[in-house]
Structure formats: structure tokens, C-alpha cells
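Every chain is numbered from 1, with letters handed out A, B, ... down the list of sequences.
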Number of protein chains: 2
Amino acid sequence: MASTNHIPTREKVKLTAQKLFREKGYAAVGMRELAAAAGMRAPSVYNHYRSKDHILQEICFDIAGQFFKALDEALAKEQKSSRQLRAAIRAHIDVIAANLDSAEVFFHEWIFLEQPALGKFKKMRQEYARRFREILERGIRKKEIRKVNTRLATFAIFSALNATYEFMRSDEKFSREQMADELADMLIKGLKNKD
Amino acid sequence: MASTNHIPTREKVKLTAQKLFREKGYAAVGMRELAAAAGMRAPSVYNHYRSKDHILQEICFDIAGQFFKALDEALAKEQKSSRQLRAAIRAHIDVIAANLDSAEVFFHEWIFLEQPALGKFKKMRQEYARRFREILERGIRKKEIRKVNTRLATFAIFSALNATYEFMRSDEKFSREQMADELADMLIKGLKNKD
DNA sequence: TTCCTTTGCTAACGAGTGTTAGTTTATGGC
DNA sequence: GCCATAAACTAACACTCGTTAGCAAAGGAA
């Protein structure tokens, strides 16, 4: 039975889960709470999802797919490394902005995934990071980017980017484009004044 | 009864909690599991801590105090803004490095604090961020730092710094000093090559 | 050694957990 | 309208949760 908002019930469960998991943490949200927030009783959720873990899996892997897709598309448009870096940053932020709740779940709650999905997810995270690192390494080889520890830099870039959800929640006066540009500037040009 | 390692039992409970809360998340670690890992039964923990929440409080507020202390000491030694920023970054990383487990609990698990501790903690976070932002704003006024959105920059800096625990766990070949310097360089000078 | 306090234990409480099984209701197709 | 299926429900299972109460053991001081 589709809900009254024309959102399919399964989708509603997922959206509700994203929100609650993000607000309270996966482990602290029970199926009864989730079901009630979605407008049903807990056992009904099992008509749509096999288990609580499967909800988490779908949330995490869906948005992971979006990050990869956005990155691929962004990289396909640019050749120069610092431009690629900027485009990658932009792509990453766009995905976060379009999926605030699930992005937060993706960043924080994946540790609760059960095997074998957990192992698969870890590999995906590593692969995505590797692609960012490649951009940096290419840029270093071409002398476009300073010689840095690319592993450390990748960690720093990701965490800076991944915290943008907090900023997005607190200040809506920024367009995505502006924020992406400012962040990219900060990371690429640094904070020090050149005057 | 002090444990056989000459670590007071209460301290052992705390260290164990830090580790488990960080590994599995506060909500997913039960008192029975925590007690067993500390070498006792769950009800015995209540001889040392009033509640599970009080353990979390002590973890969070203790390290918060360390962050503030380290920051104050670092700022007292420097006057120039970009040097202050570097010192602040260094101080922050030092605290993380010395308290890997509790730092992670501090970053991720504070949302589980119960009121009124939660409200108090949020204020502390904001105050700490405000101090960083002040460094940036002072530097901008003195033209030492580029004109940036200081709120966004503070978010980015913090998250970049706060993710260093992940890097510290994965690669021990770096000294703290080196890592602090490289991160500070990345944030202050940026990634782009000036050659 | 004795006594008191602290700290460990066992047993249990009242509450919550994810999920299954079976029944009832709603929906969609003919 | 009828029928089959999907999706909602209730009841309940087996388990876990944080914690209290009371007893036992250990440690420290006199």
C-alpha cells in the first residue's frame, strides 16, 4: 500500500531510516521506532526489507555508487590535475548536498554493516580514496601539485569534504557551487595570503 | 581491588571503554561486554561509575579539557597568526596522537551524551571552534591569511585534523611533528605548486 | 587479628531488541 | 464484483539491555 504522499512505502522506510540513523546512530534506532516514524508497525517493515542490516546496506551502497558515478563523470571532463582535483571536490560535495542524511550515514554508520557487505564496503572506500590519490600523484608528477604525502593529503581532503554536511545544515546562504569553489580554493591555494 | 597490571580498576574500565566505544560505537557496546573486557562482571562497574553515560561523559570531557589546554598553551607562545594557526594545528594533533581511542569517541560518540551534559558539551565544541576561527579572522585582518569564509574554513580545518587518527592508525612511520607540519603546510600553503 | 569499607559477585528486575508466524485488510487485475 | 497477492496487523519468541539489591570476598587500618 503506497502511502498518502505518493511516495512508495519502501522508499519512505528508506528515507525515514536515513534520517533516524543519521540523527541517533544506527544501533540506537530500533525497528519499532523506525516503523512508527514511517507510519506502520515494525513487522511490516519486513515486507519491504529483509532485515535491518539490509536497510543500512542499501543506504550505504546506493550513495557509494553515486560518489563513484559523480567522480567518473567529473574526471571525464577535465585533463589537468588541479582542474581534476577541483572537479572531483565539486562532484563529491554535490553528492553530499543532494543526500545529506544518507551521506552522514555513509560516513559514520557503515561500521555496523554485517559481513560480507562490510568487507565489500571497505574495499569500495579504499578504491574511491585511491582514485583521489591518483589525481594527486598525477598532479605531483606533472609538477602541478606540490610534493605532498598523498595518503595524508587524501585523508585530509576527504575529511574536509565530508564535514561539509555540518556546514550545509548550519548555513544555507551558500550555493553548492560557491561552497565547492571555496573549499577547493582553500585546499588548492591554501590559507596563506600571497600579497 | 586494583588489577594485576597496577592500573587502578577504575582507570582500566575507562581505557577499556574508550577502546570498545571507539571500535563498535557507544550504543553497540553493552555493560556486560565492557565489564568482561575489563576483567569483571557488569554490576561491578557501578562501584566505579554511576552509569554508562557517566563513563562517556568522563571520556568526552577529559579530552575536551586537553584540547583546550593544549590550544591555550600553544597560542601563548606565538603572536603571528599563521604561526598561531600552525601551533594550534600542532597542539590539536598532539592531543589526538596521545589519545587515539578517546579522540575518536570524542568526535563520534558525543551525540549519545544525555542532557544536561550534552548541551554543555555542544557549547564546549562551539567555543573551541570559535577560538580557531578567531585565529583565522585575526590573520585575515592582518593580511596574513587570505580572505576566506572563516566558518567554512574552521569546519574544513577541524575535520581534516580530526581524521588524522585514521592516518595514525594506518601508518606509524610518521612522527607527530612531521605529520603536524605536513598537514599545516597543506592547509596553509595549499596543494598547488608554486614552481 | 579484628573490623570496617570497598569491591567483587550472583540473581533478578523492567525494559527493550530484531524477527517470525499467522491473521486481517487493502489493492490491483480481470 | 471476485480473487489473488501484497502489505498491513497482532501476538509472541528468544534474546539483550542498563541497572538494583543483597551477599561474599578482599584490602587496609588500627
Quick one: [X] [atom1] to [N] [atom2], roughly how many Å, whole number?
| X | N | atom1 | atom2 | answer |
| --- | --- | --- | --- | --- |
| M40(B) | dA25(D) | CE | C1' | 15 Å |
| F21(B) | dG18(D) | CZ | C1' | 12 Å |
| Y49(B) | dT6(C) | OH | P | 17 Å |

Aromatic F61(A) / basic K120(A) pairing, under 6.0 angstrom, 45° off normal: yes
Would K123(B) count as a cation-pi partner of Y128(B), with NZ or CZ less than 6.0 Å from the six-membered ring centre and within 45° of the ring normal? no
Is T9(A) close enough to dA7(D) that one of its side-chain N or O atoms is under 4.0 Å from OP1 or OP2 there? no
Would you tell me if any nitrogen or oxygen in the side chain of H48(B) comes within less than 4.0 Å of OP1 or OP2 on dG8(C)? yes
Heavy-atom count around E127(A) CD within 6.0 Å, excluding the residue itself: above 12? yes
If you count the non-hydrogen atoms of other residues, nucleotides and ligands that lie under 6.0 Å from CZ in R83(A), is the total more than 12? no
What I want to check is whether the side chains of D62(A) and Q66(A) have a donor and an acceptor closer together than 3.5 Å. no
Take nucleotides 10-19 of chain C nucleotide by nucleotide from the 5' end and write B, S or -, depending on whether a protein heavy atom sits under 4.0 Å from the base, only from the sugar-phosphate, or from neither. BBB----BBB
Any N or O donor-acceptor pair linking the side chain of N47(A) to the base of dA6(D) at under 3.5 Å? no
Pairs under 3.5 angstrom only: tabulate donor-acceptor contacts from the side chains of residues 104-111 of chain B to other protein residues two or more places apart or in another chain.
unit_1, atom_1, unit_2, atom_2, d
E104(B), OE2, R22(B), NE, 3.3
E104(B), OE2, R169(B), NE, 2.8
E104(B), OE2, R169(B), NH2, 2.8
H108(B), ND1, H108(A), ND1, 3.4
H108(B), NE2, Y165(B), OH, 2.7
E109(B), OE1, Y26(B), N, 2.9
W110(B), NE1, F107(B), O, 3.3

